[in-house]
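First comes the structure, then the notes that go with it.
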Protein chains: 2
Amino acid sequence: MSGSISQDQISTLLRRNQLSVTEGRRRILEVFMEAGIALSHHDIEEKTSERLDRVTVYRTLQTFLEKGIMHTIPTTDNSVLYALCKDTCGDGHHHDDHVHFICEICGTTTCLDGLTIPFITLPDGYQVSQVNMIVNGRCKKCAA
Amino acid sequence: MSGSISQDQISTLLRRNQLSVTEGRRRILEVFMEAGIALSHHDIEEKTSERLDRVTVYRTLQTFLEKGIMHTIPTTDNSVLYALCKDTCGDGHHHDDHVHFICEICGTTTCLDGLTIPFITLPDGYQVSQVNMIVNGRCKKCAA
DNA sequence: GTAACTGCAAAATATTTGCATCCTT
DNA sequence: AAGGATGCAAATATTTTGCAGTTAC
């Protein structure tokens with residue numbers, strides 16, 4: 001399972017974001033890549049507790065959010081999930097507009113940055129600077 | 001200021017949602033109607049501290065979220081705001097799709113339920129059941 | 001070697017729960 | 001009168017901070 005995750009990929013992602021490669025950062029990225037879905041802070045703590053202190057998890061996630069490597073996604077039950085954005089991993093850049101797709105069956109979260117957010121017509125005089133969409137539904141696998 | 005907020009309006013909203021009219025619920029709705037913007041839990045506590053216990057604020061907000069009278073809105077700094085949805089106040093119904101507009105200048109939050117969320121094209125086979133949009137920008141007043 | 005990351009301990013905050021009392025209908 | 005809402009006290013949980021030791025480059 002973790003064999004499919006390349007350490008090179010992780011190192012590259014970190015370096016592209018001007019971050020040193022450390023145990024905490026590597027481990028947290030591994031967890032996200034293995035999971036493939038958005039995780040709560042609690043989930044992450046659980047999956048890293050053998051190797052990382054809770055405080056390191058807080059600080060690392062904070063760093064990742066600031067760098068735009070991860071994003072937070074609100075849930076309907078009023079909690080927050082952390083998601084690794086795939087295309088961000090690729091190019092190390094942070095985009096302003098985001099579409100997150102969350103599968104209601106398997107929980108898979110996909111960051112659809114490639115998707116163009118359609119123009120919406122707002123009341124007269126309103127100016128849009130940033131749009132975030134959260135799309136809930138069923139992913140390809142679970143739709144059938 | 002609070003003179004412009006009708007107690008009738010508040011009572012009606014509560015009754016439409018099968019909720020009894022109590023001090024805590026009335027006071028919290030007043031605060032939101034006076035403010036006109038989305039508020040953090042901390043804001044709400046502050047504005048009600050003279051009359052309500054902190055625990056009542058927690059329980060009342062929870063109730064309002066369950067009834068769909070209010071919604072939570074994630075912010076870019078990873079915290080959560082509570083917003084009273086205007087059209088929900090009107091008809092007492094909860095809609096699945098939501099568009100929230102947040103003015104980056106004055107903080108005014110508008111729940112644009114009347115707005116039709118445009119169809120977005122997702123990867124093959126994906127099914128959409130609910131969409132939430134958060135639009136950041138400048139409201140009419142602040143755009144000029 | 002130096003700057004930055006990490007773990008530990010502890011403080012500060014935030015949230016939940018139990019229960020007795022009061023209010024709404 | 002009865003069920004539910006509220007306040008208070010206290011238990012939990014969450015998040016932040018300071019500092020000393022360790023690691024990455």
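Reminder, nothing fancy here: chain letters follow the sequence lines and each chain counts from 1.
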- Say whether B:Val55 and B:Ile44 are linked into one hydrophobic cluster, either directly or through other cluster members, by side-chain heavy-atom distances under 4.5 angstrom. no
- Query: Does atom CZ of A:Arg54 have more than 12 heavy-atom neighbours from other groups under 6.0 Å away?
  - Reply: no
- Query: Between A:Leu65 (CG) and D:dT15 (P), how many Å, whole number?
  - Reply: 12 Å
- Query: With a 4.0 Å cut-off on heavy atoms, is B:Arg25 in touch with a base, just the backbone sugar-phosphate, or nothing at all?
  - Reply: sugar-phosphate
- Cluster question for you: counting only ILVMFWY and a side-chain heavy-atom cut-off of under 4.5 Å, with indirect links fine, are B:Ile28 and B:Tyr58 together? no
- Select from B:Arg54 and A:Tyr58 the residue whose nearest nucleotide in DNA chain D is closer to the 5' end of that strand. B:Arg54
- Task: Would you check if the distance from the ring center of B:Tyr82 to the ring center of B:His71 is below 6.0 Å?
- Result: no
- Item | Interatomic distance where CD1 belongs to B:Ile28 and P belongs to D:dA5 [whole Å] | 13 Å
- On DNA chain C, more 5' by nearest nucleotide between B:His41 and A:Asp53 is A:Asp53
- NA contact type, A:Arg27, heavy-atom cut-off 4.0 Å: base, sugar-phosphate, or nothing? nothing
- Whole-Å distance, A:Arg26 CZ to D:dT23 P, equals 12 Å
- Distance check: side-chain N/O of A:Ser20 vs OP1/OP2 of D:dC25, anything under 4.0 Å? no
- Message: What is the distance, to the nearest angstrom, from the CG atom on B:Leu14 to the P atom on D:dG4?
- Response: 16 Å
- Task: Find the distance A:Glu45:CD to D:dT14:P and express it as a whole number of Å.
- Result: 7 Å
- Taking atom P of D:dG4 as reference, at what distance in whole Å does atom CD of B:Gln62 sit? 17 Å
- Quick one: closest heavy-atom pair of A:Arg27 and A:Thr48, and the distance? CG-CG2, 4.0 Å
- Task: Mark yes or no for whether A:Arg51, through its side chain, and A:Glu23, through its backbone, hold a donor-acceptor pair below 3.5 Å.
- Result: no
- Message: Would you say that B:Phe64 contacts B:Leu14 through its side chain, given a criterion of any heavy-atom pair below 4.5 Å between the two side chains?
- Response: yes
- Task: Mark yes or no for a side-chain to base donor-acceptor pair under 3.5 Å between B:Arg59 and D:dG7, with no hydrogen or angle criteria applied.
- Result: yes
- Query: What are the bounds, 5' to 3', of the part of DNA chain C that sits under 4.0 Å from heavy atoms of chain A?
  - Reply: C:dC5 to C:dA9
